Undergrad: 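My structure is below; once you've seen it, I'll send some questions.
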Amino acid sequence: MDNLNLEIIEPRMLVLTGEKSFEEMKELAWNKKTAAFGGIKNLLSRPKPDDINIIHAEKQYKPFWHAVCSSNFEYKRNTEFSVKISDLAVQKVIICNEERDIDKERNVKLHGSEHCLESSTKEIFVDAYTENEEDLSRYLSMETREISQTEELNAGDNIVVPVKIKASYLVRKLLSDMMKPIDADEVLDETVRIETLDLYFRPIYAFEFSWLPKNKQNVLEFDGITGEFYSGKVLREKMAEIFTEETLFEIGGEVAGAVIPGANIPVKILQESRRRKGNSNS
């Protein structure tokens, strides 16, 4: 077999749904406002709740990739087997009607072929803006809806954080992790399959707090679904897209030239076309 058989499932764009309302998140932020300036960790200079105000709030949609890749390598290789003959009385052996000599170490050498099969799976989550890998598996069990373009999330004052990582980058990364040299005399199957290639957008509420007596400002981001919060930043205005949907999900041409330089790699897209369903659940 001369070429890698690369199968790529149809990518999807999904938005996590069921987030809390702005008023609910604002109330949560108000109750956690001292945490923006150290909370109980800084007892000596802890701010009084009445000294803190919310001076800015915004809803963001942050993107991350979820991808699952599996590999299947089937091959044969020629090898030599050694069979130990422990009985000293045995001077020759006959195997498959062929007489075999016993060497000085009392071994009989047999030539044969090994039929091998190696399979593995890798799953990754990558922040589509920062390129950092992190465990975001908690979102996989949550409700989503499929969208066809990010403009669907841009209503009102919502801010969509742009995607800096294209699908082809993720596919190349997975291939580099999954591919490895094979000690084989004959390759029967060399298939890598991208089983999942989903771009998620998760709702985040960012609140900027001001500690009036100290003239300090800090930002906390609140997950619109789980309520988790952490230090963050506000963006204040909408951000321009880096890629169009077409270039964002373009895979075939870019991957084929990058996996094995100079090689002709067949790329099989499993779904017939990239269709977007704006209001369907995944």
Side-chain angles (χ1 to χ4, degrees), residues 13-43 45-66 124-147 150-165 198-242 281-282:
M13 248 194 321
L14 304 169
V15 57
L16 289 153
T17 59
E19 68 265 32
K20 297 175 176 61
S21 69
F22 176 80
E23 290 303 322
E24 290 176 302
M25 296 306 299
K26 186 175 181 180
E27 181 179 357
L28 177 60
W30 188 255
N31 292 333
K32 300 293 184 181
K33 58 185 178 179
T34 57
F37 300 96
I40 62 173
K41 294 181 181 179
N42 193 359
L43 295 176
S45 59
R46 184 172 58 184
K48 298 178 182 178
D50 292 343
D51 291 338
I52 300 175
N53 285 335
I54 295 176
I55 58 175
H56 179 76
E58 63 189 33
K59 183 179 181 181
Q60 306 171 3
Y61 280 100
K62 291 193 171 184
F64 71 87
W65 284 103
H66 171 230
I124 60 173
F125 296 88
V126 179
D127 186 303
Y129 184 76
T130 65
E131 302 184 22
N132 295 329
E133 289 191 43
E134 54 183 303
D135 183 9
L136 298 168
S137 57
R138 60 188 179 278
Y139 292 109
L140 297 186
S141 61
M142 299 179 184
E143 292 184 2
T144 62
R145 64 181 175 89
E146 191 169 351
I147 60 174
T150 56
E151 282 77 3
E152 297 180 39
L153 305 177
N154 239 334
D157 296 326
N158 295 344
I159 297 175
V160 180
V161 178
V163 178
K164 287 187 175 180
I165 299 177
D198 292 337
L199 177 61
Y200 282 81
F201 288 87
R202 54 189 177 122
I204 299 293
Y205 291 85
F207 293 90
E208 184 176 17
F209 300 89
S210 177
W211 184 1
L212 301 178
K214 299 289 186 178
N215 194 27
K216 290 184 178 180
Q217 291 78 41
N218 276 331
V219 176
L220 290 180
E221 293 182 1
F222 290 79
D223 189 300
I225 298 177
T226 67
E228 298 171 285
F229 66 95
Y230 35 81
S231 295
K233 64 180 181 179
V234 292
L235 303 174
R236 298 192 183 280
E237 57 186 30
K238 295 181 182 294
M239 305 176 72
E241 286 186 333
I242 298 175
N281 291 331
S282 67

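Computation of the quantities below employed the complete heavy-atom set of this structure, encompassing side-chain atoms and omitting hydrogens, waters and symmetry-equivalent molecules. Along the sequence shown, residues carry numbers from 1. No experiment lies behind these values; they were computed from the predicted model shown.
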Undergrad: Quick one: do M142 and Y200 satisfy side-chain contact (heavy atoms from CB on, under 4.5 Å)? Show the steps, please.
TA: CA-CA 11 Å; M142 299 179 184; Y200 282 81; over 6 Å; no
Undergrad: To the closest 0.5 Å, what do you measure between CD (E208) and CD (Q217)?
TA: 6.0 Å
Undergrad: Hey, does M13 have a side-chain heavy atom less than 4.5 Å from the side chain of E152?
TA: no
Undergrad: I need the N215 CG to S210 OG distance, nearest 0.5 Å.
TA: 6.5 Å
Undergrad: With no hydrogens and no angle check, is any side-chain donor or acceptor of D135 less than 3.5 Å from a backbone partner on S137?
TA: yes
Undergrad: Heavy-atom count around K233 NZ within 6.0 Å, excluding the residue itself: above 12?
TA: no
Undergrad: Would L153 and N158 satisfy side-chain contact (heavy atoms from CB on, under 4.5 Å), going step by step from the backbone distance to the final call?
TA: CA-CA 7 Å; L153 305 177; N158 295 344; 5.8 Å; no
Undergrad: Quick check: are there more than 12 heavy atoms from other residues, nucleotides or ligands sitting under 6.0 Å from CD of E27?
TA: no
Undergrad: Can you tell me how far apart NZ (K33) and CG (N53) are? Round to the nearest 0.5 Å.
TA: 7.0 Å
Undergrad: Give the ring-plane orientation class for F209 versus F207, where under 30° counts as parallel, over 60° as perpendicular and anything between as tilted.
TA: tilted
Undergrad: May I ask you to decide if F37's main-chain N or O and K216's side chain share a donor-acceptor pair within less than 3.5 Å?
TA: no
Undergrad: Keeping the roles fixed (side chain from E131, backbone from V126), state whether a donor-acceptor pair exists under 3.5 Å.
TA: no
Undergrad: Which atom names give the shortest non-hydrogen contact between L28 and G227, and what distance separates them?
TA: CD2-O, 3.8 Å
Undergrad: Given side chains that start at C-beta, do those of R202 and I225 come closer than 4.5 Å, heavy atoms only?
TA: no
Undergrad: Check whether E58 reaches the backbone of L235 with its side chain - one donor and one acceptor, N or O, closer than 3.5 Å.
TA: yes
Undergrad: When you measure from the side chain of K59 to the backbone of P203, do you find a donor-acceptor pair of N or O atoms at a distance under 3.5 Å?
TA: no
Undergrad: Let me confirm one number: the NZ-CD1 distance from K32 to I52, rounded to the nearest 0.5 Å.
TA: 13.5 Å
Undergrad: Would the distance check show the side chain of K164 and the main-chain N or O of T130 forming a donor-acceptor pair, the cut-off being under 3.5 Å?
TA: no
Undergrad: If every non-hydrogen atom of P63 is compared with every non-hydrogen atom of L199, which pair is closest and at what distance?
TA: CB-CD1, 4.1 Å
Undergrad: Taking all atoms of both residues into account, what is the closest heavy-atom pair of A35 and F229, and its distance?
TA: CB-CE1, 3.9 Å
Undergrad: In Å and rounded to the nearest 0.5 Å, what is the CH2 to CG distance from W65 to D127?
TA: 12.5 Å
Undergrad: Determine the minimum heavy-atom distance between A206 and Q60, stating which atoms define it.
TA: CB-NE2, 3.6 Å
Undergrad: Quick one: does any side-chain atom of D51 pair with a main-chain N or O of P213 as donor and acceptor, under 3.5 Å?
TA: no
Undergrad: Can you confirm whether L136 sits close enough to H66 that some side-chain heavy atom of one is under 4.5 Å from a side-chain heavy atom of the other?
TA: no
Undergrad: Out of F201, F64, F125, which residue meets the ring pair (Phe, Tyr, Trp, His ring centres under 6.0 Å) rule with Y139?
TA: F64
Undergrad: Within the 4.5 Å heavy-atom criterion, are V160 and N154 side-chain neighbours or not?
TA: yes
Undergrad: Which residues pass the side-chain contact (heavy atoms from CB on, under 4.5 Å) test with K20, not counting sequence neighbours?
TA: E24, M25
Undergrad: Please report the interatomic distance OH(Y61) to CD1(I159), rounded to the nearest 0.5 Å.
TA: 12.0 Å
